[in-house]
Amino acid sequence: NAGVTQTPKFRVLKTGQSMTLLCAQDMNHEYMYWYRQDPGMGLRLIHYSVGEGTTAKGEVPDGYNVSRLKKQNFLLGLESAAPSQTSVYFCASSYRGLTRREQFFGPGTRLTVL
Amino acid sequence: GIQVEQSPPDLILQEGANSTLRCNFSDSVNNLQWFHQNPWGQLINLFYIPSGTKQNGRLSATTVATERYSLLYISSSQTTDSGVYFCAVEAGANNLFFGTGTRLTVIP
């Protein structure tokens with residue numbers, strides 16, 4: 001069991017470039033999430049998905065898009081990167097249901113936008 | 001969103017000492033998790049504890065949901081316990097709200 005994996009681990013972009021971050025989980029979880037962590041802060045939710053083909057906005061969605069074409073994968077896209085999107089991005093997944101909502105996190109992707 | 005406050009913000013301990021970290025939250029929750037973020041940035045699940053008490057080795061946690069707080073106890077601290085401890089809560093909106101963390105440094 002690999003748990004939650006993220007690709008790539010590090011990336012440097014120039015302002016205006018685009019990129020996609022990939023998250024994969026092998027725990028058959030229904031829910032998947034994308035968070036960002038800025039220095040000295042906790043994580044904040046960008047977007048999430050409650051199932052294949054569905055996505056919803058979180059706390060800080062502007063500048064990002066997501067897609068969940070397969071249950072095990074959740075993609076985060078930056079169409080036109082800005083320096084304010086320099087951050088560490090974490091993906092997470094969890095079961096559905098109020099009694100088993102523990103979220104499991106991937107190792108993170110460190111993104112720098114110059 | 002829910003407000004999550006953690007205290008203390010920073011803690012320095014001698015190896016072998018015990019400590020208590022506190023998490024206060026502003027609303028009823030159906031999920032509360034404690035994480036350890038190690039110096040390499042990895043988030044490690046410590047406890048899923050929306051209510052009650054759990055123990056795992058030298059760590060234990062208690063959540064009193066009716067009074068909206070949770071405590072994380074670390075006994076006989078080791079240098080490998082260093083890092084940032086986060087409390088995160090969810091109120092049924094598919095969003096974990098994180099506190100700003102407690103930075104723990106354990107000195108040999």
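The sequence lines fix the lettering, A, B, ..., with proteins before strands; numbering per chain opens at 1. The figures here come from the full heavy-atom set of this structure, side chains too, leaving out hydrogens, waters and symmetry mates.
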Practice problem: Count the heavy-atom pairs under 4.5 Å between each of B:Leu96, B:Asn31, B:Thr100, B:Leu43 and chain A, then report the option with the highest count. | Solution: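 Highest number of pairs under 4.5 Å: B:Leu96.
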Quiz item: What's the spacing between A:Arg11 CZ and A:Thr109 OG1 if we round to 0.5 Å?
Solution: 10.5 Å
Practice problem: Pick one of side chain, backbone, both or neither for B:Gln37, based on which atoms fall under 4.5 Å of a heavy atom in chain A. | Solution: side chain
Quiz item: Which ILVMFWY residues are connected to A:Phe10, directly or by a chain of links, through side-chain heavy atoms under 4.5 Å apart?
Solution: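 Listed partners: none, A:Phe10 stands alone.
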Quiz item: Hey, would you say the A:Phe105 and B:Phe35 ring centroids sit under 6.0 Å apart?
Solution: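 Here the rings of B:Phe35 and A:Phe105 have centres that are less than 6.0 Å from each other.
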Practice problem: Output the option from A:Phe90, A:Phe104, A:Tyr35 having the highest count of non-hydrogen pairs under 4.5 Å with chain B. | Solution: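 Among the listed options, the one with the most contacts to chain B is A:Tyr35.
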Self-check item: Set of residues satisfying side-chain contact (heavy atoms from CB on, under 4.5 Å) with respect to B:Arg68, sequence neighbours excluded
Solution: B:Phe25, B:Asp27, B:Ser28
Practice problem: Taking all non-hydrogen atoms of both residues into account, name the closest pair between B:Ser75 and B:Asn18 and its distance. | Solution: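 Looking at all heavy atoms of both residues, the closest pair is CA-OD1, 3.2 Å.
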Practice problem: Using a heavy-atom cutoff of under 4.5 Å, enumerate the residues of residues 54-66 of chain A that contact chain B, numbered in order, or state 'none'. | Solution: A:Glu59
Hey, can you pull the donor-acceptor pairs under 3.5 Å for the side chains in residues 15-26 of chain A, sequence neighbours left out?
{"from": "A:Thr15", "atom 1": "OG1", "to": "A:Leu114", "atom 2": "O", "distance (Å)": "2.6"}
{"from": "A:Gln17", "atom 1": "OE1", "to": "A:Lys14", "atom 2": "N", "distance (Å)": "2.8"}
{"from": "A:Gln25", "atom 1": "OE1", "to": "A:Met27", "atom 2": "N", "distance (Å)": "3.0"}
{"from": "A:Gln25", "atom 1": "OE1", "to": "A:Asn28", "atom 2": "N", "distance (Å)": "3.2"}
{"from": "A:Gln25", "atom 1": "OE1", "to": "A:His29", "atom 2": "N", "distance (Å)": "3.1"}
{"from": "A:Gln25", "atom 1": "NE2", "to": "A:His29", "atom 2": "O", "distance (Å)": "2.9"}
{"from": "A:Gln25", "atom 1": "NE2", "to": "A:Lys71", "atom 2": "O", "distance (Å)": "3.3"}
{"from": "A:Asp26", "atom 1": "OD1", "to": "A:Gly3", "atom 2": "N", "distance (Å)": "3.0"}
{"from": "A:Asp26", "atom 1": "OD2", "to": "A:Ala2", "atom 2": "N", "distance (Å)": "2.7"}

Quiz item: Counting distance only, does the side-chain N/O of B:Asp81 pair as donor-acceptor with the main-chain N or O of B:Gln78 below 3.5 Å?
Solution: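 Looks like yes, one N/O pair under 3.5 Å.
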